[in-house]
Undergrad: 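Could you have a look at this structure, given as C-alpha cells, before my questions?
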Amino acid sequence: MASIGTGYDLSNSVFSPDGRNFQVEYAAKAVENGSTAVGIKCNDGVVLAVEKIQQSKLMKPNANRRIQAIGKHCACTYAGIVADGRHLVSHARAEAKQWIDLYKSPVPVPSLADRLGSYVQAHTLYNSVRPFGISALVAGFDETGPHLYMIEPSGAYWGYRGAAAGRGRQTARVQLEKLSLPDISLEDAVKAAARIIYLAHEESKEKDFELEMIWVTKDGQQQIPSDLLAEAERLAQDDEDDDDEDDNDDQQEDAEMKDD
Amino acid sequence: MFRNSYDNDPITYAPTGRLFQVEYALEAIKQGSAAVGLVNSKYAVLVALKRNTEDLGSYQKKILRIDDHMGIAIAGLTPDARVLSSFLRQQAMASKMRYGRPLPVIKAANALADKAQGKTQYYGRRPYGLGLLIIGVDQTGPHLFEFQPSGNSLEYLAAAIGARSQAARTYFERTNSEFADASVEELVIHGLTGLRETLPQDKELNISNTSIAIVGIDKDFELLDNEAVAPWLERLGDTRRTRAPADEPADEPPEGPADGPADEPAAEATESMDTS
Amino acid sequence: MELGPHNWGRPRDDVYGSYNAAAGGCKMNTQSPIMTGTSVIATKFKGGIVMAADNLASYGSLARFRDQERIVKVGERTVVGISGDISDLQYVERLLDQLVVDTSYDCEGTEIANLEPANVYEHLAYVLYGRRNKMNPLWVACVVGGVDSKGECFLGQVDLLGVKYKSPSIATGFGAHMAVPLLRRLIPDEDRFEEIDEKSAVDAIDECMKVLVYRDARALDKYTRVVVTSEGVKITKGVQCEKMNWEFAETIKGYGY
C-alpha cells in the first residue's frame, strides 16, 4: 500500500498530498472484512438481512442480534466493527427521540439518514476521533413509503433499492442487480435476501453462521413470520446445494461418477 | 523489523482496518487468572480461580455481586473492575428506582458494551483492560454474557476468560450438550472441571483459590468462598488437572505488530471485534 | 384584599408589598390546570380490570371538546387513565409511548420488552414525583391498571405530587368522592374482587359514570370504557349513559336561577 510510511495515514482528518484521508479508507477496510449485510427495498417495504458468523459453538443460538430497531418504523444493520454499529444506532435512537420531542411525529427516514450521515462525517473531521468502522444499512417506512439508505465510514450516504456491505458485497451486488427492484413482493424479497446471504457466505464457508432478517413495512419494523423465514432459509439452502452440484458437474466429473 | 506506527492509540486504524490498541486490551484479559461460566434453563454458574501475589497477601476477589439477581466474574486489570462493577450496580439500582424491576441481564450487558465502545473511539482514553462474565436471571430466564473491552457483549451457553481459558472452552465444547438437563450441582461440577483444565502444572484448586457463584430462577445470587467451597471440591474429587502437559492448548499468541508490517489479511482480527 | 385561591399561601401584599416577577430571579410554573379532564374510575374483577373516563375536555366550566380520549394503552396488557390538565395528559401520553419503544430496544418480542403494569406505575410515580420536586408538577392524576404476565390484576393511582397507592377500586377527582363509595360497596376488602365477574364490574362502572354525570358538572355522558384481561386490552369508545332522568332538575331550588 502506497500510503504506508508516508506519514499521512497516521492521523484522522489529515489530507495526503493527493487529497486523500487515509484513516477513512482504512476504516472502510474494516467494513470490507466484516460479515455481509444486505438490504432490499420493494414497494411494500424493506428487508434487511445479515450473515452472523458464529465464532464459537458455545454461543447461544438465535441470540446476539445484529439488526437493531430505531423507533417504531426504522431498523439498522451494519457490516464492520459491531461495537461502532451499536454506537451509531444509539445515536440514531437519540435522534429519533429528539425529533418526536420536537415535532410530535416520527422522524422521516431521509431526515434520519441525513443526520446519521452528518454524524459519521463529523468523525472524519478531527484528529481526536476515529471514523466509524462500519457501513450501516438503514431501512424505514414513513408516510412517503419505504426507504433504504447505506451510510459509509466517510459519512457519504445514498438511497438504494438494493444494497450490500461487508465481505460478500460483490457477490451480493451481482445478485441484487438481477432482481427487478422495487417491483417484487415482500415475500420474494425475503427469499432473495436469504439466498443472497447464503451465496455471499460461500467465501467464508468454513465458519458457521446464522441468518438474521427483519422487515420494515407500513406497520413498522417487525420480525418476519417464522414460517416464511424458515421457507426462505430452506430455499436458500436448497439453492446452495444445487450450486454445489453444478460445481461438481463442471470440475469433478470423476468424483460424481463414483457417487453414482 | 518494521516499527508499527499504528498501535500507539486506540483511534488509529492500521491499513488493514485493525485497531491494535483495542486488540492489545483484549490481551490484557489473558493476563488475569481464569474464570468460567455456564448456563442452562434454570441456573447460571460462575467458577473462578483467585490469585494471591504473595503468600502473606490475600487473594484477589474474582466474582462480584451486582444485585440479588446478577453477578460478574472478572479477568484482566482488576482496578478497571471497580469502575465497571460500580457502573453496573448503579444501572441495577436505577432500574429498580425507575421501573421497579431488576435490571434485565441483556440491558446490563449492552450498557457495558456501549460504555466500553466509547473508550475506543475518542482520543485521550484507553480501552478497559478487563473481560467480564456476567450471569443473571430475569423474566426470560438465566443468562450468561461475555463482555469484552472492544465493546462487545455476547451471549453464550458456556464461556471462559483469562489465562489458559482455551482449555476450559475446549472442555465445554466437548460437554455442553449435557448442560441443558444438568442439575445445579452438575453444572457447578462442570464449571469446576472446566476451570481445573486451565490450571498450570503445579497448581491445584483449593478452598483459598476457588470462587463459585450460583444464580437461578427463584434463587438469589450466591457467592461461595473459602470453607463454603470445600464440599464442592470434595465432590469434584481430583483437584489437579487431568490432562498431560503435552496437549496443553496454548492461548493464541499475541498478534503483536513487531513481526512485520501489519498488512496481512485482517479478516481474523476484525472478526475478534466483530460479533460474527 | 384578594382572597381567592390564587393567593392562598402567598405573602400578603399589604404586609410584604406586591409580588413582582419582573424583579428577576423569579420564575413561575403551572399554578392550576387550564384545559381539564375530570374523573377516571376503575375497578378490579376476577381476572382483569375495568376503567372508564369520559370524553370531555373542559376549559374552566366550558365544555370545550367532547371527543377527548383519556385512556392510553401502554404495551399489551396495561392502560393508563389520566385526569387533570389535558396538555400534561398529552405529554404523559408521549412519555409512555417512548417508554415502550425504549424498553423494547434490543429485546423485541421477549418478556423484557413488555413492561408489567407495576413497572409503568413505578415509572409514572418516578416521573411525577421528580417533577413535583422541581416545583413544576405535571397536573394530572393517573390510574394505572392491567394484568401482569402471571395473570395478576393490577390497579394503582399516582398523582401530581408523586403520591401513589394501590387499591381494588380507584377513582380520581370528583369520582374519589362519588364513585369510590359505590365501588367499595361492590368490593369491600382487598381480595374480595375475586368474587366479582367482568359483567358486574362493568355494570358497576357504568352506574358510577351515570352518578358522576348527575353530580359532576364537568362530566359528560359519553365515555370510553376499557377492559383489560390476560387476553389483552378491549377498548369500547363512545359509550353513552342510558336511561338518565333529569325531571328532578325542575325541583332544584336555591341556586339563584
Side-chain angles (χ1 to χ4, degrees), chain B residues 39 41-42 44 66-70 87-88 90-118 134-148 150-157 215-218 274-276, chain C residues 74-78 80 92 95-134 138 142 144-158 162-166 230:
Chain B
V39 68
S41 60
K42 293 196 185 71
I66 298 301
D67 199 344
D68 284 340
H69 70 297
M70 198 184 326
F87 171 75
L88 264 192
Q90 226 167 316
Q91 297 281 311
M93 280 196 291
S95 181
K96 282 185 184 167
M97 183 91 183
R98 290 183 190 147
Y99 310 107
R101 70 168 179 180
L103 181 65
V105 191
I106 189 169
K107 300 256 175 198
N110 283 339
L112 274 179
D114 296 350
K115 185 175 165 66
Q117 192 278 343
I134 307 159
I135 58 165
V137 168
D138 55 34
Q139 299 102 299
T140 56
H143 297 278
L144 164 69
F145 283 86
E146 180 185 339
F147 158 84
Q148 293 190 322
S150 51
N152 291 311
S153 284
L154 296 176
E155 186 162 9
Y156 285 87
L157 300 169
V215 70
I217 295 171
D218 302 323
D274 196 299
T275 63
S276 47
Chain C
V74 184
E76 295 308 309
R77 291 185 303 269
T78 307
V80 178
V92 171
L95 187 98
L96 292 171
D97 204 39
Q98 189 66 43
L99 173 70
V100 171
V101 171
D102 287 345
T103 307
S104 69
Y105 278 151
D106 298 328
C107 57
E108 291 88 351
T110 71
E111 271 303 311
I112 298 171
N114 195 236
L115 283 172
E116 304 280 18
N119 303 141
V120 176
Y121 170 73
E122 289 293 335
H123 187 66
L124 271 176
Y126 173 80
V127 170
L128 294 179
Y129 180 64
R131 285 292 294 261
R132 100 82 188 259
N133 281 344
K134 284 186 195 152
L138 290 165
C142 302
V144 181
V147 179
D148 69 17
S149 51
K150 294 190 182 82
E152 302 277 336
C153 303
F154 182 94
L155 197 57
Q157 199 210 112
V158 194
V163 173
K164 64 181 208 273
Y165 72 94
K166 288 179 269 192
S230 46

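Each chain gets a letter, A, B and so on, in the order the sequences are listed, and its residues count up from 1. Quick caveat, the model's predicted, so the values are computed rather than measured.
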Undergrad: Checking heavy atoms, do the side chain of C/T103, its backbone, both or neither come under 4.5 Å from chain B?
TA: both
Undergrad: Return the NZ to CD distance between C/K150 and B/Q139, rounded to the nearest 0.5 Å.
TA: 8.0 Å
Undergrad: Could you tell me whether the side chain of B/Y99 reaches within less than 4.5 Å of the side chain of C/E122, counting heavy atoms only?
TA: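 Heavy-atom side-chain distance check fails, nothing below 4.5 Å.
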Undergrad: Among residues at least two apart in sequence or on other chains, which ones pass side chain to side chain contact (heavy atoms under 4.5 Å, CB included) with B/A113?
TA: B/S153
Undergrad: C/K166: what forms a salt bridge (charged side-chain N to carboxylate O under 4.0 Å, His left out) with it, not counting sequence neighbours?
TA: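 In terms of salt bridge (charged side-chain N to carboxylate O under 4.0 Å, His left out), with neighbours along the sequence ignored, C/K166 is linked to no residue.
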Undergrad: Is the count of non-hydrogen atoms from other residues, nucleotides or ligands lying under 6.0 Å from C/E76 atom CD greater than 12?
TA: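 Incorrect, the count does not exceed 12.
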Undergrad: I'd like to know whether OH of C/Y129 has more than 12 heavy-atom contacts from other residues, nucleotides or ligands below 6.0 angstrom.
TA: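 Atom OH in C/Y129 is not crowded, with 12 or fewer foreign heavy atoms closer than 6.0 Å.
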Undergrad: Measure across C/I112 and B/I106 and return the closest heavy-atom pair with its distance rounded to 0.1 Å.
TA: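 Of all heavy-atom pairs spanning C/I112 and B/I106, the closest is CD1-CG2, 4.0 Å.
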Undergrad: Mind checking whether B/R98 and C/L99 have side chains closer than 4.5 Å, heavy atoms only?
TA: no
Undergrad: Which heavy atom in C/S104 sits nearest to a heavy atom in B/K107, and how many Å separate them?
TA: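 Closest approach of C/S104 to B/K107, heavy atoms only: N-NZ, 4.5 Å.
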